[in-house]
*Asks:* 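Dropping a structure here in structure tokens format, bear with me for questions.
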Amino acid sequence: MKDFNPHDAIDFIFKTAPAYAKAKGELAQLETFKSSLKAIKMAQTDEQSLGAQEREAYRSQEYQDLCKAIGQATEQTEALKWQLEAAKMRFEAWRTEQANNRNIERMTT
């Protein structure tokens with residue numbers, strides 16, 4: 001870690017945070033829309049029972065597409081989250097290394 005510049009980790013976090021926030025917002029929006037889409041699809045069916053309406057809503061292509069979009073948004077959000085966590089860990093490792101180096105210097109001088 002001798003070549004590590006802690007400012008790179010901080011810059012990465014600063015630059016990536018908006019993308020993470022956007023991905024997290026999109027995921028929340030998709031999750032919220034899921035209930036609305038189900039209600040819309042249930043209302044569009046000719047079925048009388050709630051169970052049959054629900055079944056038709058779940059099997060609709062729009063609902064399946066939404067579920068795929070939620071999966072993709074979750075994947076993107078998690079990837080960004082762990083990239084941010086890795087940058088934090090690198091910075092913390094650098095801080096620990098610097099503190100250890102200072103302690104070694106004090107003991108040897």
Side-chain angles (χ1 to χ4, degrees):
M1 269 205 180
K2 298 288 181 195
D3 314 11
F4 179 69
N5 181 352
H7 298 288
D8 290 343
I10 295 166
D11 288 343
F12 176 80
I13 292 169
F14 183 77
K15 289 175 184 173
T16 306
Y20 175 71
K22 182 179 180 197
K24 191 80 168 172
E26 288 173 1
L27 177 59
Q29 185 178 9
L30 289 169
E31 285 286 355
T32 302
F33 181 62
K34 192 174 174 181
S35 296
S36 296
L37 180 60
K38 179 181 169 188
I40 291 166
K41 299 313 281 181
M42 286 176 73
Q44 289 176 348
T45 185
D46 294 331
E47 298 290 340
Q48 295 300 311
S49 73
L50 286 178
Q53 288 177 2
E54 190 173 42
R55 181 193 66 230
E56 292 302 310
Y58 284 144
R59 69 179 219 127
S60 72
Q61 188 60 51
E62 293 93 339
Y63 194 86
Q64 292 174 34
D65 292 343
L66 178 62
C67 290
K68 287 178 188 170
I70 289 170
Q72 291 169 345
T74 301
E75 180 181 346
Q76 180 182 7
T77 302
E78 287 298 308
L80 288 167
K81 173 186 170 184
W82 289 109
Q83 288 173 352
L84 290 168
E85 287 298 316
K88 290 179 199 176
M89 286 184 248
R90 286 196 78 183
F91 180 77
E92 288 302 319
W94 175 84
R95 271 181 47 174
T96 301
E97 184 178 303
Q98 295 305 304
N100 289 342
N101 289 344
R102 284 190 300 275
N103 285 336
I104 290 169
E105 280 183 32
R106 280 188 214 126
M107 288 190 291
T108 59
T109 56

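Just so it is clear, the model here is predicted, and its values are computed rather than measured. All values below come from the heavy atoms of this structure, side chains included, with hydrogens, waters and symmetry mates left out.
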*Asks:* Measuring from atom OG1 of Thr74 to atom NZ of Lys24, what distance do you get when rounded to the nearest 0.5 angstrom?
*Replies:*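 The distance works out to 8.5 Å.
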
*Asks:* Not counting sequence neighbours, list each pair that qualifies as a salt bridge (charged side-chain N to carboxylate O under 4.0 Å, His left out) and has a residue in residues 66-85.
*Replies:*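 Residue pairs with at least one partner in residues 66-85: Glu85-Lys88.
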
*Asks:* Hey, could you give me the CD1/OG1 distance between Ile70 and Thr77, rounded to the nearest 0.5 Å?
*Replies:*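 Going from CD1 on Ile70 over to OG1 on Thr77, the span is 11.5 Å.
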
*Asks:* Tell me every residue that passes side-chain hydrogen bond (donor to acceptor under 3.5 Å, both in side chains) with Arg102, counting only those two or more places apart in sequence or in another chain.
*Replies:*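 Scan of Arg102 (side-chain hydrogen bond (donor to acceptor under 3.5 Å, both in side chains), adjacent residues dropped) gives none.
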
*Asks:* Please say whether more than 12 non-hydrogen atoms of neighbouring residues, nucleotides or ligands are located less than 6.0 Å from CG in Asp46.
*Replies:*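 No.
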
*Asks:* Would you be so kind as to tabulate the donor-acceptor pairs closer than 3.5 Å made by side chains of residues 50-57, with sequence neighbours excluded?
*Replies:*
residue, atom, partner, partner atom, Å
Gln53, NE2, Glu47, O, 3.0
Glu54, OE2, Lys38, NZ, 2.5
Glu54, OE2, Tyr58, OH, 3.3
Glu56, OE1, Arg59, NE, 3.0
Glu56, OE2, Arg59, NE, 3.4

*Asks:* Decide whether Leu84 and Met89 are clustered together by the hydrophobic rule: side chain heavy atoms of Ile, Leu, Val, Met, Phe, Trp, Tyr closer than 4.5 Å, transitively.
*Replies:*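 Looking at the clustering, Met89 is in a separate group from Leu84.
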
*Asks:* Just by modelled atom types, is the Ile13 backbone N or O under 3.5 Å from a matching donor or acceptor in the Thr16 side chain?
*Replies:*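 No; judged by distance alone, with no hydrogens or angles, the pair does not exist.
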
*Asks:* For the CD atom of Glu105 and the CG atom of Asn103, what is their distance to the nearest 0.5 Å?
*Replies:*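 Spacing of CD (Glu105) from CG (Asn103) equals 9.5 Å.
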
*Asks:* With clusters defined by side-chain heavy atoms of hydrophobic residues (ILVMFWY) lying less than 4.5 Å apart, directly or transitively, does Met42 cluster with Leu37?
*Replies:*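 Cluster IDs for Leu37 and Met42 differ.
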
*Asks:* Give, for atom CG of Leu66 and atom CD of Glu31, the distance between the pair rounded to the nearest 0.5 Å.
*Replies:*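 Separation between the atoms: 8.0 Å.
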
*Asks:* Run the side-chain hydrogen bond (donor to acceptor under 3.5 Å, both in side chains) test against Glu62 and tell me which residues pass, sequence neighbours left out.
*Replies:*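 With sequence neighbours excluded, Glu62 shows a side-chain hydrogen bond (donor to acceptor under 3.5 Å, both in side chains) to Lys41, given in chain and number order.
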
*Asks:* Restricting to salt bridge (Lys or Arg N to Asp or Glu O under 4.0 Å), what partner residues turn up for Lys22, sequence neighbours left out?
*Replies:*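 Lys22 satisfies salt bridge (Lys or Arg N to Asp or Glu O under 4.0 Å) with Glu26 only.
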
*Asks:* Quick one, Phe12 with Gln83, criterion side chain to side chain contact (heavy atoms under 4.5 Å, CB included). Give me CA distance, side-chain angles, the key distance, then yes/no.
*Replies:* CA-CA 9 Å; Phe12 176 80; Gln83 288 173 352; 3.8 Å; yes

*Asks:* Which heavy atom of Leu27 sits nearest to which heavy atom of Ala73, and what is that distance?
*Replies:*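 The pair with the smallest heavy-atom distance is CD1-CB, 4.0 Å.
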
*Asks:* Can you name the side-chain hydrogen bond (donor to acceptor under 3.5 Å, both in side chains) partners of Gln61, sequence neighbours left out?
*Replies:*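 In terms of side-chain hydrogen bond (donor to acceptor under 3.5 Å, both in side chains), with neighbours along the sequence ignored, Gln61 is linked to Asp65.
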
*Asks:* Where is the tightest heavy-atom contact between Ala9 and Ala87, given as atom of each residue plus distance?
*Replies:*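 So the minimum-distance heavy-atom pair works out to CB-O, 3.6 Å.
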
*Asks:* Determine, step by step, whether Arg90 and Trp94 satisfy the side chain to side chain contact (heavy atoms under 4.5 Å, CB included) criterion, reporting the C-alpha distance in whole Å, the side-chain angles of both residues, the deciding distance to 0.1 Å, and the verdict.
*Replies:* CA-CA 6 Å; Arg90 286 196 78 183; Trp94 175 84; over 6 Å; no

